[in-house]
*Asks:* 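If you scroll down you'll find the structure; I have some questions about it.
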2 protein chains.
Amino acid sequence: MPGGKKRIFVSSFSEMTIREFLDQAASDAPTPGGGGVAALAGALGGAMASMAANFTLGKAKYAEHEPYIRRLLADLAPVIDDLRRAVDDDAAAFSGISLAYALPRATDEDKARRREAVTAALSAAMRVPLRVLRRAAEAAETLPDLARRGNANLLSDVEVAAIMLAAAARAARVNIRANSASLDTDEARAAEAEGERLTARTAALADEVGSLIRQR
Amino acid sequence: MPGGKKRIFVSSFSEMTIREFLDQAASDAPTPGGGGVAALAGALGGAMASMAANFTLGKAKYAEHEPYIRRLLADLAPVIDDLRRAVDDDAAAFSGISLAYALPRATDEDKARRREAVTAALSAAMRVPLRVLRRAAEAAETLPDLARRGNANLLSDVEVAAIMLAAAARAARVNIRANSASLDTDEARAAEAEGERLTARTAALADEVGSLIRQR
């Protein structure tokens with residue numbers, strides 16, 4: 001973008017070009033931030049798994065895996081879409097927090113209302129990276145089988161899928177914590193625990209995929 | 001993209017929308033593949049570092065760090081740009097390999113010429129992820145200082161930067177190996193060694209950044 005300072009407003013980050021997205025991410029605009037980048041990393045990981053599956057279709061050598069591959073592609077498509085949409089949802093949730101913090105706090109009643117609104121907004125903002133983490137973990141669960149049965153020429157792309165999904169999980173985990181740290185609710189504690197568990201699981205899957213690929 | 005099958009041809013992946021890029025990455029188009037995704041992950045990581053730096057400027061609390069932050073932003077901008085351009089360069093290098101493999105091999109002379117062209121194309125294709133890895137490592141080197149001196153409200157974004165740059169390095173490493181495995185040259189061996197070293201360094205920097213952030 002000439003000058004590098006123009007701010008782009010579109011209905012969805014999905015309709016921004018790669019260049020515009022990177023320029024806005026690097027700028028002093030509050031979104032896309034780390035939560036949006038986590039979601040996009042997950043979508044990119046899912047896309048690499050889908051690519052490897054697509055290159056396995058219609059090849060005599062992999063004919064026996066065709067029903068499995070078709071099911072995998074059908075399962076991955078909504079996961080990638082949901083991760084892509086989460087880039088927008090993360091930005092919307094961030095706006096919600098800013099609006100809640102901007103509420104008046106002149107009276108005790110104001111303060112109570114503001115506190116409630118902030119808790120609700122932080123909880124909503126915590127749910128987006130939790131969803132990203134769940135989706136990234138769901139996509140990562142498909143990878144060991146794809147590493148075993150997918151087109152051998154695409155194994156480096158399967159490994160990149162595993163790396164990107166593990167990074168998405170880890171980045172989502174950071175963003176769950178960024179919101180849950182200011183919350184003292186059962187939901188926040190449950191999100192923390194699930195975040196810990198799914199991040200470890202996704203990292204373990206990425207390591208397993210790496211080992212499977214080096215064996216093949 | 002309605003129907004999900006339309007193939008988009010643009011002069012640069014930078015001008016594709018996020019949606020188009022993800023659709024084409026997930027499809028049976030050969031690019032963008034794992035090498036392009038590695039480069040984009042690096043650009044996203046660099047952008048998060050730049051965002052955190054931008055939010056540190058003009059704040060009284062961080063005034064003493066302003067000269068450092070301005071230098072950091074100036075240093076990061078060309079790194080992010082180069083990583084973004086590497087998405088295209090990776091696709092061009094992939095085409096080069098396909099063209100080399102398609103050369104005739106009827107005579108011994110043909111075969112020798114083809115072998116030479118394939119080696120040259122694989123070497124060129126190996127250099128793109130090596131460049132991505134170097135750039136990701138270069139950006140990651142800036143993060144410990146940013147984690148110490150940057151705006152405390154942006155620490156989760158600095159941590160996401162570290163995670164994305166480590167993922168970019170790891171994914172680039174996979175793509176160096178994918179090309180170097182078919183090469184028996186001093187350059188390929190040197191790239192392998194540098195790949196190993198810089199991937200480990202970038203992972204260590206990501207861990208260091210995580211620790212620094214938990215201390216602050």
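Below, each value reflects all heavy atoms present in this structure, side chains not excepted, and no hydrogens, waters or symmetry copies. Chain identifiers are assigned alphabetically (A, B, ...) following the order of the sequence lines, protein sequences preceding nucleic acid strands; residue numbering begins at 1 within each chain.
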*Asks:* Mind ranking A:S50, A:P32, A:A49 by heavy-atom pairs under 4.5 Å with chain B and telling me who comes out on top?
*Replies:*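 Heavy-atom pair counts peak at A:S50.
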*Asks:* Could you tell me which of B:G210, B:G35, B:A171 has the largest number of non-hydrogen atom pairs under 4.5 Å with chain A?
*Replies:*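 Greatest number of close heavy-atom pairs with chain A: B:A171.
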*Asks:* What I'd like to find out is whether the side chain of B:I18 reaches to under 4.5 Å of the side chain of A:L40, using heavy atoms alone.
*Replies:*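 Of all side-chain heavy-atom pairs linking A:L40 with B:I18, at least one is under 4.5 Å.
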*Asks:* About how many Å separate OG of A:S14 and CZ of B:F21, when rounded to the nearest 0.5 Å?
*Replies:*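 It is 13.5 Å, given to the nearest 0.5 Å.
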*Asks:* Is B:A43 close to chain A through its backbone or its side chain, or both, or neither, when contacts mean heavy atoms under 4.5 Å?
*Replies:*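 B:A43 touches chain A through backbone and side-chain heavy atoms alike.
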*Asks:* Please report the shortest heavy-atom distance between A:R84 and B:L22, naming the atom on each side.
*Replies:*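 Answer, listing the atom of A:R84 first, then B:L22: CD-CD1, 3.6 Å.
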*Asks:* Please report the C-alpha distance between A:D88 and B:R19 in whole Å, then the side-chain angles of each, then the deciding distance to 0.1 Å, and finally whether the salt bridge (charged side-chain N to carboxylate O under 4.0 Å, His left out) criterion is met.
*Replies:* CA-CA 12 Å; A:D88 292 334; B:R19 182 194 299 271; over 6 Å; no
*Asks:* Identify which of B:A168, B:A206, B:G45, B:A167 forms the greatest number of heavy-atom pairs closer than 4.5 Å to chain A.
*Replies:*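 Maximum pair count with chain A is reached by B:A167.
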*Asks:* With rounding to the nearest 0.5 angstrom, report the CD1 to CZ distance, B:I213 to A:R177.
*Replies:*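 Spacing of CD1 (B:I213) from CZ (A:R177) equals 9.5 Å.
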*Asks:* Could you give the distance from CG (A:N54) to OG (B:S27), rounded to the nearest 0.5 Å?
*Replies:*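 With rounding to 0.5 Å, CG (A:N54) is 6.5 Å from OG (B:S27).
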*Asks:* To the nearest 0.5 Å, what is the distance between OG1 (A:T31) and CE (B:M51)?
*Replies:*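 Rounded to the nearest 0.5 Å, the OG1-CE separation comes out at 7.0 Å.
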*Asks:* I'd like to know which of B:L155, B:V174, B:D157 tops the heavy-atom pair count under 4.5 Å against chain A.
*Replies:*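 The option with the most such pairs is B:V174.
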*Asks:* In Å and rounded to the nearest 0.5 Å, what is the OG1 to CD distance from B:T17 to A:E15?
*Replies:*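 Spacing of OG1 (B:T17) from CD (A:E15) equals 5.5 Å.
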*Asks:* Sort out for me which of A:A166, A:G33, A:A178 touches chain B most, counting heavy-atom pairs under 4.5 Å.
*Replies:*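 Of the options given, most contacts go to A:G33.
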*Asks:* Under 4.5 Å between any side-chain heavy atoms of B:R173 and A:E159, yes or no?
*Replies:*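 The answer is no, as the side chains (C-beta and beyond) never meet within the 4.5 Å cut-off.
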*Asks:* State the CG-CG distance between A:D28 and B:L73, to the nearest 0.5 angstrom.
*Replies:*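 If I round to the nearest 0.5 Å, the distance is 10.0 Å.
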*Asks:* Measuring heavy-atom distances to chain B, does A:R214 have an atom under 4.5 Å in its side chain, in its backbone, in both, or in neither?
*Replies:*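 Interface part for A:R214: side chain.
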